[in-house]
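The next block holds one structure in the form of structure tokens; read it before the comments.
What's counted below: heavy atoms across the whole structure, side chains too, no hydrogens, waters or symmetry copies.
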Amino acid sequence: QVQLVESGGGLAQAGGSLRLSCAASGRTVSNYFMGWFRQAPGKEREFVAAISWSGPRTYYTDSVKGRFTISRDNAKNSVYMQMNSLKPEDTAVYYCAAKGGSDSYRVSATYRYWGQGTQVTVSS
């Protein structure tokens with residue numbers, strides 16, 4: 001069992017930055033492929049970014065490439081997402097998630113563990 005707790009959300013202006021953190025407990029995150037998803041009001045949850053177990057491989061949805069950076073610190077049992085050049089369309093609840101394998105990493109249903117989410121609001 002893995003418990004995930006996100007933090008770092010808040011209000012930012014367009015063009016600003018936020019850094020999300022995901023702290024894990026229960027089991028070491030080094031055993032898991034980690035992802036970030038987001039869900040805006042009235043929309044489905046969508047894939048944002050993912051990172052492999054040791055961190056050399058990262059994956060992003062096209063809309064955040066070049067602006068967001070996912071990273072992990074297995075020694076701290078944590079995953080991060082640096083979000084720069086924020087846009088109003090980035091406004092959503094952001095969720096951290098963990099899965100055992102890397103297959104279908106863009107599909108939320110393949111992730112076993114989820115955090116409670118953290119709100120990110122970007123004003124224009």
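- Of the inter-residue distances, the one linking Q82 atom CD with I70 atom CD1 reads 12.5 Å to the nearest 0.5 angstrom.
- Heavy-atom minimum distance, G35 versus Y111: N-CE2, 3.7 Å.
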Could you go through the side chain to side chain contact (heavy atoms under 4.5 Å, CB included) check for R67 and M83 one step at a time? CA-CA 6 Å; R67 300 190 298 122; M83 305 187 298; over 6 Å; no
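- No cation-pi contact links K65 to Y60, judged by a cut-off of 6.0 Å to the six-membered ring centre and 45° from its axis.
- Of the possible donor and acceptor atoms, none in the side chain of S78 sits under 3.5 Å from a partner among the backbone N and O of A23.
- For T118 (side chain) and G9 (main-chain N/O), a donor-acceptor pair under 3.5 Å exists by modelled atom type.
- Side-chain contact between V120 and T91: absent, with no pair of heavy atoms (C-beta onward) separated by less than 4.5 Å.
- Considering SG of C96 and CD of E6, their distance stands at 5.5 Å, rounded to 0.5 Å.
- With respect to V64, the side chain to side chain contact (heavy atoms under 4.5 Å, CB included) criterion is satisfied by exactly one of K87, R38, M81: R38.
- At distances below 3.5 Å, not a single donor-acceptor pair connects side-chain atoms of N74 with backbone N or O atoms of N77.
- What you find for A98 and L4 is that their closest heavy atoms are N-CD1, 3.9 Å.
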Verdict with supporting geometry, Y80 and R72, side chain to side chain contact (heavy atoms under 4.5 Å, CB included): CA-CA 6 Å; Y80 309 96; R72 67 192 300 161; 5.9 Å; no
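- In this structure, OG in S124 is found 10.0 Å from CD in E89, a value given to the nearest 0.5 Å.
- In this structure, L18 and G10 approach most closely via the heavy-atom pair CD1-O, 3.9 Å.
- Although no hydrogens or angles enter the test, the distance criterion places a donor-acceptor pair under 3.5 Å between the side chain of S52 and the main chain of R57.
- The aromatic ring centres of W53 and F33 sit less than 6.0 Å apart.
- Looking at heavy atoms from C-beta onward, D90 lies in side-chain contact with F68 at the 4.5 angstrom threshold.
- Among residue pairs with one or both ends in residues 7-17, those qualifying as side chain to side chain donor-acceptor pair (under 3.5 Å) are S17-N84; sequence neighbours excluded.
- Evaluated for a ring pair (Phe, Tyr, Trp, His ring centres under 6.0 Å) with F37, the options Y95, F47, Y105 yield exactly one hit, F47.
- Of the inter-residue distances, the one linking I51 atom CD1 with S102 atom OG reads 13.0 Å to the nearest 0.5 angstrom.
- Open room surrounds CZ on R27; 12 or fewer heavy atoms of other groups in view lie less than 6.0 Å from it.
- Taking the side chain as every heavy atom from C-beta outward, R112 and K99 never approach each other to under 4.5 Å.
- Put simply, the side chain of V2 reaches to within 4.5 Å of the side chain of Y32, judged on heavy atoms.
- W36 is listed as a side-chain neighbour of V79, based on a closest heavy-atom distance under 4.5 Å.
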Step-by-step side chain to side chain contact (heavy atoms under 4.5 Å, CB included) determination, Y113 to Q3: CA-CA 7 Å; Y113 301 106; Q3 293 77 43; over 6 Å; no
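- Interatomic distance, W114 CH2 to C22 SG, rounded to the nearest 0.5 Å: 11.0 Å.
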